Amino acid sequence: MATSSHKLLAQSPLLLLHKSTTASQLLQIHAQLITRALFADPFAASRLLLAICDLSSSPSTHLSPSYADLVLSQIPQPNTFSWNTIIRFHSRSSNPVKAILVFARMRRDGVLADHYTYPFLLKACALMPELKEGVAIHADVLKKGFYENLFVINGLISFYCRSGELASARKLFDGFQWRDSVSWNSLMAGYVNCGDIEEARKLFDVMPARDAFSWAILIDGYGKKLGDVRRARDLFDEMPDKDLACWNSMIDGYVALGMIGPARELFDVMPGRNVISWSILIGGYVRHGDPKEALALFQQMLSEGVRPDKICAVGAVSACSQLGTLDRGRWIHSYLKKNNIKLDVVVQTALIDMYVRCGDLDFARLLFDRMPKKSIVTWNVMMVGLGTNGFGREAVELFYKMETEGAPMDDLTLLAVLTACAHASLLPEGQEIFDRMTGFGVHPKAEHYGCLVDLLGRAGRLHEAKQVIEAMPVKPSASLWGSLLAACRTHGCVELAEVSAEQLQKLGADDGGVHVLMSNVYAAEGMWNEVLKMRKLMSARGMKKEIGRSVVEVDGSVHEFVNGDGAHPRKEEIYAVVCNLSKAML
DNA sequence: ATAGGGTTAG
């Protein structure tokens with residue numbers, strides 16, 4: 001007993017390393033290596049570093065990515081293996097530029113790169129083609145004589161493909177006699193991503209051996225990138241051993257075109273599904289107007305024991321947003337938390353959007369304020385939420401906060417804040433923000449002018465609104481004249497209303513709604529002959545106003561109301577309440 | 001070298 005424990009102490013802590021070593025065990029091993037001065041041994045240090053990098057890149061870990069950097073910095077003289085390990089780790093992380101920075105340090109330390117270093121490094125370069133860092137690496141590779149290495153060449157091909165420099169990629173490809181299927185597939189993918197699917201097809205037809213990747217690249221190219229699902233499907237049917245990615249790619253090709261029916265048919269017959277297959281279909285239903293089915297699928301997925309991930313969660317949360325089902329949304333939110341599914345910025349933004357649309361603005365704001373890192377979309381969602389729920393002032397304040405924090409903005413940000421101003425009739429603020437738009441790097445589009453027109457229109461400054469439309473550098477869209485027309489109805493201006501209606505007619509946008517508005521304008525002024533004329537015009541052209549509809553959730557079940565349908569089982573009670581409310585508001 | 005995600009008024 002005594003001897004065995006003695007023996008254990010004498011053994012290297014590295015013996016405790018195995019595939020399922022936990023984070024806390026790693027920390028212990030790390031501490032032991034330090035106290036026993038074993039870190040001076042580059043081999044021992046590199047073993048530990050590898051284990052840390054492997055665990056840090058697994059999705060379920062709580063290890064911080066910077067822990068690996070810390071460990072590297074504690075190694076007195078890291079060997080090439082350690083450098084390669086950390087470069088590989090960063091090249092797969094969310095911030096691949098770190099791989100390039102680490103490589104620069106490696107060179108400063110005078111450590112020689114080997115034929116493993118370059119492929120890892122080029123992987124990072126390919127992920128950030130705009131940095132053009134791969135060009136310098138290419139020169140380095142030429143100097144060091146790693147030019148005959150398949151992995152290095154494939155890395156270079158992939159980098160040039162992602163940079164859009166197909167000619168350089170092609171030259172390397174043609175000049176290398178030991179190219180393998182990865183070389184062929186990379187080049188094919190490069191052509192597909194540049195929109196030259198015909199060139200990709202030529203390669204596909206002459207390549208010596210096709211694997212699942214080759215088929216998948218072309219199926220995806222025809223389907224999603226070219227929108228030609230027919231040809232994608234022909235390839236798909238022809239493919240001998242379809243793998244999961246191909247099925248998913250084909251299904252997503254249909255989904256991208258809104259062809260949910262064929263997508264569902266494939267989904268139902270596919271031999272096996274993973275969380276990606278479910279996400280594609282759930283997302284498809286969400287984007288193409290069937291959030292109920294999306295939620296049903298999500299539920300089915302859970303009951304089949306498939307664990308949702310953060311991307312799948314976005315689909316489910318968005319479905320709740322669209323349905324306004326706060327109960328379900330809350331349930332999904334707590335499900336995600338209970339099951340330790342990492343809520344990144346995108347999921348959190350989707351959640352905020354869900355709480356906003358389900359009417360729990362306070363909770364949305366709470367989540368928003370608690371978020372350490374926000375994206376443009378996060379700010380936009382919150383601002384739209386405040387603006388459309390009667391908190392125009394708060395939306396504008398949020399905008400100013402964004403400005404103070406120097407957060408980047410896009411045209412939607414400006415649209416959100418201007419819309420909020422329009423909603424709350426904050427004319428001076430809106431005008432001031434509009435005038436400073438270009439200072440935020442956003443050039444006003446028709447929608448932004450629309451808000452300004454709306455603002456002026458609501459304030460009764462109809463002629464100024466008309467001037468804005470006429471002076472704007474972009475072509476006025478129908479909605480601008482529509483906005484002016486609506487303002488004319490509110491403020492009873494027949495003259496400008498007629499001008500607007502005329503313009504709308506020129507744009508071919510004089511639908512039923514315009515005639516209804518016009519007849520309202522005339523009616524308000526007592527011009528009954530004109531009103532009659534409008535009514536006749538409408539029935540002669542068979543026009544109807546768009547039918548209004550609304551959806552609401554009560555105690556977990558969803559009720560849909562269509563204007564004038566009278567189909568709800570409790571319509572008597574409902575209309576009685578509506579009647580009382582209307583009276584109360586008078 | 002292949003597959004999935006969040007925001008747009010009236």
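Order of the sequence lines fixes the chain letters, A, B, ..., with proteins taken first and strands second; residue numbering starts at 1 for each chain. Every value quoted in this text rests on a predicted model; they were computed, and no experiment measured them.
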Going from CG on Leu203(A) to CZ on Phe173(A), what distance comes out if it is rounded to the nearest 0.5 angstrom? 6.0 Å

Checking all strands, does Ser479(A) fall into the base, sugar-phosphate, or nothing category for heavy-atom contacts under 4.0 angstrom? base

Using a cut-off of 4.0 Å on non-hydrogen atoms, how would the nucleic acid contact of Ser483(A) be classed: base, sugar-phosphate, or nothing? nothing

Would you classify Leu412(A) as touching base, sugar-phosphate or nothing, given that sugar-phosphate means primed atoms plus P, OP1 and OP2, and contacts are heavy atoms under 4.0 Å? base

Can you check whether any acceptor in the base of dA3(B) is under 3.5 Å from a donor in the side chain of Asp243(A), or vice versa? no

Check every strand shown and say whether Asp454(A) touches a base, only sugar-phosphate, or nothing at a heavy-atom separation below 4.0 Å. nothing

Determine the contact category for Ser214(A): base if any of its heavy atoms lies under 4.0 Å from a base atom, sugar-phosphate if only primed atoms, P, OP1 or OP2 are that close, otherwise nothing. nothing

Donor-acceptor pair present, Asn380(A) side chain and dG6(B) base, under 3.5 Å: no

Think Thr349(A) has a side-chain N or O under 4.0 angstrom from the OP1 or OP2 of dT7(B)? no

Could you tell me whether Val381(A) contacts a base, only the sugar-phosphate backbone, or nothing, with contacts defined as non-hydrogen atoms closer than 4.0 Å? sugar-phosphate

Across the strands shown, which category fits Val347(A) at heavy-atom distances under 4.0 angstrom: base, sugar-phosphate, nothing? base

Under 4.0 Å: is that the gap between some side-chain N or O of Lys224(A) and OP1 or OP2 of dT2(B)? no

